[in-house]
Amino acid sequence: MSSKSTVRVRVAPSPTGDPHVGTAYIGLFNMVFARRNGGQFILRIEDTDQKRSNPESEQAISDYLRWVGIEWDEGPDKGGPKGPYRQSERTAIYTEHATKLLDSGAAYRCFCTPERLTEMRAEQRKAGGNIGYDRRCRDLDPGEAETRMQNGESFTVRMKMPVDGETVFEDALRGTICYPNQQIDDQVLLKSDGFPTYHLANVVDDHLMEITHVFRAEEWIPSTPKHLALYEAFGWEPPVFVHLSLLRNPDRSKISKRKNPVSLEWYREAGFLPQALLNFLALMGWSMQDERECFSCDELVSEFDLNRLKVTEPVFDLQKLEWLNSQWMRLLSPEELATEIRGFMTEERLTKILPLIHERLHRLDGFTELTNYFFAMDVGFPVDDLKIKRWPTKETDGDDPKAPLRALNKALKAILEEIETLPKLEAEDLEQRLRDFCERTGWKTKELFMATRLVATGRAASPPLFETMEILGKARIQYRFRQAIETLRGAIKK
RNA sequence: GCCCCGUUGGUCUAGCGGUUAGGACGCCGGCCUCUCACGCCGGUAUCACGGGUUCGAAUCCCGUACGGGGUACCA
């Protein structure tokens with residue numbers, strides 16, 4: 001990278017779910033690096049997976065990134081000189097570039113079906129050794145490829161990777177990384193739906209958007225050689241790569257929603273201050289020279305040095321986050337604290353809650369008692385209050401006293417899975433889904449709804465379940481379902 | 001299976017050839033105090049293992065073990 005070019009970095013989330021804490025983590029370091037060097041920080045939406053991408057997710061990602069304090073200079077909602085910043089709006093660019101590679105012989109059309117590929121992998125797995133595309137279509141006669149394409153046969157475009165030798169590259173953090181090319185198969189560049197894969201889109205966009213440094217998660221290390229091959233095929237200069245370590249669950253696996261809250265919405269709803277969360281994320285990948293732990297984003301910017309970035313895999317410790325949050329809360333004046341609390345118990349939320357508890361309220365002082373579970377994150381799951389008399393039973397249940405618990409656990413898992421696919425919770429939709437679920441599985445609505453109420457609110461008495469769940473919101477509901485599933489698991493084992 | 005990345009207390013880390021291996025969270029105990037919290041004091045526990053290199057290795061090199069990631073028409 002020539003030293004005179006301005007620093008340009010980006011964070012490139014895929015809008016396929018809840019706003020992820022890992023996106024904020026990577027975004028933070030990109031933003032800090034850009035600010036430190038007087039460069040630009042770009043938000044690019046990688047929505048090339050037509051099946052999973054959705055606009056609600058994109059909106060949530062933007063909103064929550066801003067909430068936590070990450071602001072970009074160019075992006076889909078702000079525009080900028082190198083737009084558009086949404087990959088689904090750039091498909092023509094990718095096909096044009098794929099065609100270039102096809103013409104230069106760096107890529108080829110592949111007519112293998114997904115079924116054949118699955119079968120091939122299964123066989124490779126059985127045989128042991130490398131797993132990867134066997135390059136059947138790589139040396140297809142161009143004329144034949146042409147006719148098959150004309151005949152409407154479905155195809156992908158694959159990269160022609162070198163079959164021997166090795167790819168060596170420098171990671172700004174980890175030093176030299178060396179990859180045997182044999183390990184790298186002929187990556188799909190263009191899917192049969194005409195959309196690019198990450199690999200193509202990412203390289204083309206990074207070049208066109210003049211990205212100079214790529215801070216991304218370490219899970220990308222293995223595909224970096226593919227990207228490098230692409231830069232070479234296009235005759236472009238690659239950016240500097242900085243692979244940051246992945247955030248970890250307590251068991252050290254890659255952070256995931258089943259083992260640790262990952263949605264930024266959860267952190268906001270659990271009452272964390274954005275500046276504390278951001279501070280904590282910084283601590284996950286970086287340490288100050290003087291080991292100061294409580295510092296602002298501005299302080300980070302002014303002291304940031306790439307060489308102090310860490311390579312070890314940090315476990316995301318909620319207890320320490322909570323401590324850090326308490327430190328930040330103390331820094332607030334009483335007035336500021338009041339503002340924060342008003343932002344947490346908003347007028348808007350209050351006006352939604354009030355109609356639900358109105359008739360249940362006998363005195364004003366009953367308010368806190370009747371509504372605390374709308375605000376708290378942890379309410380506990382009172383497993384002993386469960387009184388399940390009928391459940392979808394099997395002969396094998398016999399008189400196993402744990403059978404209802406087992407059945408409920410299974411049901412909760414299934415419902416949670418369904419809830420996770422929803423961008424947001426809406427009462428009517430939820431009710432329909434749960435009724436359908438009962439229909440499908442043989443649960444009595446009465447039984448399952450009560451159990452769900454216990455899960456969602458921690459109580460046997462609450463306002464109408466589905467309206468309550470809607471107000472509680474996805475983050476709380478998901479969290480409480482997971483907690484309940486855990487509690488049940490314990491109760492079943494006992 | 002194959003490839004890559006990593007390894008300082010339970011967790012986050014400082015350390016970049018010579019330190020009684022320091023700090024933070026947590027936990028335990030004490031003090032403060034009408035209680036709790038805060039604060040303060042103290043305690044707990046660590047360089048994964050084996051070979052080198054060196055007068056001297058947590059620090060450098062090589063193995064091993066362990067952990068993680070990748071191996072998709074997902075990103």
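Any value given below was found using the heavy atoms of this structure, including those in side chains, with hydrogens, waters and symmetry copies removed. Predicted, not measured: the structure shown is a model, and the values here were computed from it.
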Atom pairs and distances, donor-acceptor, side-chain atoms in residues 118-129 of chain A, under 3.5 Å, two or more places apart:
| unit_1 | atom_1 | unit_2 | atom_2 | d |
| --- | --- | --- | --- | --- |
| Thr118(A) | OG1 | Pro114(A) | O | 2.7 |
| Gln124(A) | OE1 | Gly132(A) | N | 3.0 |
| Gln124(A) | NE2 | Gly132(A) | O | 2.7 |

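- In this structure, of C73(B), G23(B), C25(B), it is C73(B) that holds the atom nearest to the side chain of Thr197(A).
- Side-chain proximity of Thr312(A) to the nucleotides U8(B), C2(B), C12(B) is greatest for U8(B).
- With P as the reference atom, G26(B) and C12(B) are 15 Å apart, rounded to whole Å.
- Residues Thr368(A) and Asn372(A) have side chains that never bring a donor and an acceptor to within less than 3.5 angstrom of each other.
- Set against G69(B), A75(B), C5(B), the side chain of Ile177(A) has C5(B) as its closest nucleotide.
- One finds a salt bridge joining Arg66(A) and Glu71(A) here, because a Lys/Arg side-chain nitrogen approaches an Asp/Glu carboxylate oxygen to under 4.0 Å.
- Under 3.5 Å, the side chain of Thr156(A) and the base of C73(B) form no donor-acceptor pair of N or O atoms.
- Counting distance only, with no hydrogens placed and no angle test, the side-chain atoms of Glu313(A) and the base atoms of G67(B) include a donor-acceptor pair under 3.5 Å.
- For U59(B) and C49(B), the P atoms lie 10 Å apart once the distance is rounded to whole Å.
- Nucleotide C2(B) forms a pair with G70(B), judged by Watson-Crick or G-U wobble geometry with both contacts under 3.5 Å.
- The side chain of Pro180(A) lies closest to C4(B) when the candidates are C12(B), A72(B), C4(B).
- A distance of about 33 Å separates the C1' atoms of A14(B) and C3(B), rounded to the whole Å.
- When the side-chain nitrogen and oxygen atoms of Arg52(A) are compared with OP1 and OP2 of A72(B), none of them lie within a distance under 4.0 Å.
- Using P as the reference atom, G6(B) and U13(B) are 15 Å apart when rounded to the nearest Å.
- Pair assignment for U7(B): A65(B), on the basis of Watson-Crick or G-U wobble contacts that are both within less than 3.5 Å.
- Under the salt bridge (Lys or Arg N to Asp or Glu O under 4.0 Å) criterion, Lys160(A) pairs with no residue, sequence neighbours left out.
- Residue Thr48(A) places at least one side-chain N or O under 4.0 Å from the OP1 or OP2 atom of A75(B).
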